[in-house]
Amino acid sequence: PKHIDLKELRMVHLTSPNLTGDIKAFEGQTSLTHLLLQGTQVSGDIEVVSKLTRLGHLSLANTKVFGNLSACDAGPGFSLEELDLSGTAVIGDLNDLGTGLKRLKLRRTAVTGQLSKLIDMFKIEEVDFSFTKITGHITSQWRGMCRNL
């Protein structure tokens, strides 16, 4: 795919169901802070996200992207706060994610893991794990932890 060459591009919000292309087109757009492509026909491996270290908000819900959830945590300095991969073919385990997320939506994905991982996510405010393989028990440790569960 052709690469977009807009070095200062910070926000992309495209939600047309007629929009197609490969997410790899955003490779090299290291200034991006928001990439919101929900409801489009965009496809490709989310591995490209691991190179977008300034990305704070990522929504690829109901797109044709695939890959491993681990691409959404590129280690120290990675600033992702909001992640919505609902309705995608993304796989992986909750343990593949860092602890800085505020919003995490994985509805209707094949992501697995334990609810207890959320206790490590000290900033978490909202989660949606509906129709996933995430398991666990809600205990008293959760009290006051997450505003929208």
Side-chain angles (χ1 to χ4, degrees), residues 4 6-16 19 22-40 42-149:
I4 300 170
L6 302 169
K7 301 246 186 268
E8 299 304 315
L9 187 63
R10 293 201 181 355
M11 293 184 73
V12 174
H13 191 175
L14 303 168
T15 57
S16 170
L19 183 71
D22 191 316
I23 193 169
K24 191 170 180 139
F26 293 98
E27 189 172 36
Q29 299 304 305
T30 56
S31 294
L32 272 179
T33 60
H34 293 71
L35 183 57
L36 311 171
L37 301 173
Q38 65 272 16
T40 66
V42 169
S43 61
D45 193 327
I46 64 167
E47 180 61 34
V48 68
V49 171
S50 67
K51 298 172 184 156
L52 306 177
T53 57
R54 292 185 184 167
L55 200 60
H57 305 268
L58 176 64
S59 180
L60 300 173
N62 302 309
T63 63
K64 296 180 179 183
V65 298
F66 57 87
N68 198 291
L69 188 62
S70 62
C72 297
D73 181 35
F78 200 63
S79 58
L80 196 62
E81 292 184 345
E82 295 186 20
L83 177 62
D84 189 350
L85 298 173
S86 300
T88 65
V90 170
I91 61 170
D93 190 282
L94 279 181
N95 283 325
D96 294 334
L97 292 175
T99 59
L101 286 166
K102 288 183 180 180
R103 289 175 189 80
L104 177 58
K105 298 178 182 180
L106 299 171
R107 180 184 182 93
R108 294 192 187 278
T109 63
V111 172
T112 60
Q114 293 291 315
L115 280 175
S116 58
K117 167 64 177 174
L118 292 181
I119 294 169
D120 298 335
M121 294 181 169
F122 58 94
K123 292 183 178 181
I124 200 76
E125 296 175 1
E126 181 179 352
V127 297
D128 185 350
F129 296 153
S130 305
F131 308 104
T132 66
K133 295 178 182 181
I134 295 169
T135 61
H137 299 285
I138 297 173
T139 67
S140 61
Q141 288 180 301
W142 288 65
R143 191 173 295 127
M145 190 193 117
C146 187
R147 289 184 211 155
N148 297 301
L149 177 61

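Computed from heavy atoms alone, side chains included, the values below leave out hydrogens, waters and symmetry copies. Please read these numbers as outputs of a predicted model, since none were measured by experiment.
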Tell me the closest heavy-atom pair linking [X] and [Y], and the distance in Å.
X: K117; Y: N95; value: CD-OD1, 3.5 Å
X: T88; Y: N62; value: CG2-N, 4.1 Å
X: L9; Y: Q29; value: CB-OE1, 4.0 Å
X: I124; Y: L118; value: CG2-O, 4.2 Å

Subject >> Derivation and outcome, side-chain contact (heavy atoms from CB on, under 4.5 Å), residues L83 and L101 >> reply: CA-CA 8 Å; L83 177 62; L101 286 166; 4.0 Å; yes
Return the [atom1] to [atom2] distance between [X] and [Y], rounded to the nearest 0.5 Å.
X: H57; Y: S79; atom1: NE2; atom2: OG; value: 8.5 Å
X: L106; Y: L94; atom1: CG; atom2: CG; value: 6.5 Å
X: D128; Y: R103; atom1: CG; atom2: CZ; value: 13.0 Å

Original post:
Charged N to carboxylate O under 4.0 angstrom, E125 versus K123?
Top reply: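 Result for this pair is no, no salt bridge flagged.
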Original post:
Are the charged groups of E82 and K102 less than 4.0 angstrom apart, N to O?
Top reply: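 Salt bridge between E82 and K102, a charged N being under 4.0 Å from a carboxylate O: no.
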Original post:
Any chance the side chains of T135 and Q114 put a donor and an acceptor closer than 3.5 Å?
Top reply: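 Yes, because at least one side-chain N or O of T135 sits under 3.5 Å from a partner of the opposite role on Q114.
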Heavy-atom side-chain proximity of [X] to [Y] below 4.5 angstrom:
X: D45; Y: V48; value: no
X: F66; Y: I91; value: no
X: K105; Y: Q38; value: no
X: L60; Y: D84; value: no
X: F129; Y: L104; value: yes
X: I46; Y: V90; value: yes
X: L97; Y: L69; value: yes
X: C72; Y: L58; value: yes

**OP:** Only one of V49, V42, L55, L37 passes side chain to side chain contact (heavy atoms under 4.5 Å, CB included) with F26; say which it is.
**Re:**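 Exactly one option meets the side chain to side chain contact (heavy atoms under 4.5 Å, CB included) with F26, and it is L37.
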Original post:
Out of L35, L36, L19, which residue meets the side chain to side chain contact (heavy atoms under 4.5 Å, CB included) rule with L14?
Top reply: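 Among L35, L36, L19, the one that satisfies the side chain to side chain contact (heavy atoms under 4.5 Å, CB included) with L14 is L19.
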Side-chain donor or acceptor of [X] paired with backbone N/O of [Y] under 3.5 Å:
X: D73; Y: S70; result: no
X: T33; Y: R54; result: no
X: R10; Y: E8; result: yes

Subject >> Set of side chain to side chain donor-acceptor pair (under 3.5 Å) partners for R107, sequence neighbours left out >> reply: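 Checked R107 against side chain to side chain donor-acceptor pair (under 3.5 Å); matches are S130.
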